[in-house]
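As the structure is a computational prediction, the values presented were derived from the model and not from experiment. Throughout, a chain's letter reflects where its sequence line sits, starting with A, and its residues are numbered from 1. All heavy atoms count here, side chains included; hydrogens, waters and symmetry mates do not.
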There are 2 protein chains.
Amino acid sequence: MTPPDSPAPLSRRERPAKPALSRRAIVDAARTLLAEEGLERVTMRRIAAALDTGAASLYVYVRNAEELHAAVLDELLADVALPGGQGSWRERLVELLMSYTEVLYAHPSLARMAVTTRPSGPHSLHLFETLLGLLREGGVPVRDAAWAADLLVQHATVNAAEAGTRGDTPESEFEDAALVSAVRAAAADGEHPNLAAAGDAVFSGTGVGRLRWSFELLLNGVLATPVPED
Amino acid sequence: MTPPDSPAPLSRRERPAKPALSRRAIVDAARTLLAEEGLERVTMRRIAAALDTGAASLYVYVRNAEELHAAVLDELLADVALPGGQGSWRERLVELLMSYTEVLYAHPSLARMAVTTRPSGPHSLHLFETLLGLLREGGVPVRDAAWAADLLVQHATVNAAEAGTRGDTPESEFEDAALVSAVRAAAADGEHPNLAAAGDAVFSGTGVGRLRWSFELLLNGVLATPVPED
DNA sequence: ACCTGAACACCGTTCAAGT
DNA sequence: ACCTGAACACCGTTCAAGT
């Protein structure tokens, strides 16, 4: 009676067999949901529903929603391209940071979270380790390198959070337009001469060009600015 | 009959007279709620309750909750100390940024919002204008100054968002402790030699010292890194 | 035009009770 | 120990209906 191309009839249950609950299963379900619907829909209730259980059951394996989101981000960081052997330490460093930013660009809402909740998973730590190594290779003293690596990651993260926010939602165009017109109005009101002089330079630059410039700036700053004594 | 220093007796109502709804009244109610309970409690429903109405009524005056939060932040920025005439442009610039950061420190959740939603209100624009002026005074070309001002504000904002997050909630100690122990464990596992070499330098530095260092670094970077041609 | 109550479509987390 | 349903205490936003 069932047409030949319909799935085989399931015995007893509709779903193929309820998978055992585990941290892995939860994180995987969260990743699927993230890919399909975006972070704002990666809620405890939805993850639970995908796993055929109630939200309360997840709390056996994860402390809370934020910790789960951080775990997902760390796994995504596995895709960051670690630098090959060619190029100067500086070039490799910038490429690494660009690659990290690119991964985050795909998930601006996770980037936003990472600004305040620093992930401490294996991939995050590996990235940090690599960053430190490249800075050391460039002759940056350890203490400087430690602070600098932090600053670099933070900057990359925030850029992804910001750039990714634009274009993410329908309102972002309005917000952008609102900012642009507010700046233009201020530039024209005679009370903001420097804003007027800057003109469109405020908004100029593609995302990538401006990002590279900021990484170079940061690196120049690092080389010129030792951390204070004690 | 009423003692001279008591308020006049209220006719008809308990409350002094229901204030007319207006954007001002809404923003003021939001500010009061922010001061008393923190941003997470500055919800449309609570603001409305404070104004003796329903949440739906607010939408006549504000586009949505985020726009309202941005308006509140802009007003808070009125407290940023604009630099006096003494000191070099650099010193005044750093003081201005420190003052901005200080204001945001008191409201980390607003700082978090400002990372992605740039406020475009009058106080934000005035701050930006002043920043541009100081950079120009330091001989930074206009186009460089435009990008640099953005970078400086962004960095200050993100620092407030981050530093303010710590100590804000009871879990933040745990998160911090989790990060510290994860880093220590990684440093000890033999696979992260640079992390091991860096040791506690990763976490060293008081908030203020590290923030000043980063501003100096940024400024050194700005002076050393012209924006790319067109 | 402004204001409202009610509804829609959700959240995270806790907890007593079961297995 | 693990899992669950139900409850607690909320959200932002829309909309038909009133004034």
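Between the C1' atom of C/dA9 and the CD atom of A/E40 lies a distance of 15 Å, rounded to the nearest Å. B/I26 has its CD1 atom 12 Å from the C1' atom of C/dC2, to the nearest Å. Residue B/D52 contributes atom CG, which lies 15 Å from atom C1' of C/dG5 at whole-angstrom precision. What separates CG of A/L21 from C1' of D/dA1 is a distance of 13 Å, to the nearest Å. B/R23 places its CZ atom 17 Å from the C1' atom of C/dC2, with the value rounded to the nearest Å.
Applying the salt bridge (Lys or Arg N to Asp or Glu O under 4.0 Å) definition to pairs two or more places apart or across chains, those involving residues 179-190 of chain A are A/R184-A/D200. Sorted by first and then second residue, the salt bridge (Lys or Arg N to Asp or Glu O under 4.0 Å) pairs with a member in residues 20-35 of chain B read B/R23-B/E67, B/R24-B/D28, B/R24-B/E75, B/R31-B/E75; sequence neighbours excluded.
For B/L127, the side chain to side chain contact (heavy atoms under 4.5 Å, CB included) criterion is met by B/V80, B/L96, B/Y100, not counting sequence neighbours. Annotation: side chain to side chain contact (heavy atoms under 4.5 Å, CB included) contacts of B/A148 (sequence neighbours excluded): B/L135, B/V222. By the side chain to side chain contact (heavy atoms under 4.5 Å, CB included) test, A/A56 pairs with no residue at all, sequence neighbours left out. Scanning for salt bridge (Lys or Arg N to Asp or Glu O under 4.0 Å) contacts around B/E129 gives an empty result, with sequence neighbours left out. For A/R41, the side chain to side chain contact (heavy atoms under 4.5 Å, CB included) partners are A/E37, A/R46, not counting sequence neighbours.
Nucleotides C/dA9 and D/dC10 are separated by 23 Å at their P atoms, to the nearest Å.
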Seminar exercise, completed: Symbol by symbol from the 5' end, with Watson-Crick or G-U pairs under 3.5 Å, [ ] crossing and | another strand, DNA chain C is ||.|||||...|||||.||
For this session: Walk me through it: do A/T101 and A/N159 pass the test side-chain hydrogen bond (donor to acceptor under 3.5 Å, both in side chains)?
Result: CA-CA 8 Å; A/T101 311; A/N159 245 90; over 6 Å; no
Exercise. Could you walk me through whether A/V208 and A/M98 pass the side-chain contact (heavy atoms from CB on, under 4.5 Å) check?
Worked result: CA-CA 9 Å; A/V208 174; A/M98 292 297 289; 3.7 Å; yes
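Residue A/R41 places its side chain closer to C/dC10 than to any other of C/dC3, D/dC3, C/dC10.
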Using a cut-off of under 3.5 Å, enumerate the N/O to N/O pairs linking the protein to nucleotides 12-19 of chain D.
unit_1	atom_1	unit_2	atom_2	d
D/dG12	OP1	B/M44	N	3.3
D/dG12	OP2	B/M44	N	3.2
D/dG12	N7	B/R45	NH1	2.5
D/dG12	O6	B/R45	NH1	2.7
D/dT13	OP2	B/Y59	OH	2.7
D/dT13	OP2	B/A65	N	3.1
D/dT13	O5'	B/Y59	OH	3.2

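Between A/Y61 and D/dC2 there is no side-chain polar atom (N or O) within less than 4.0 angstrom of OP1 or OP2.
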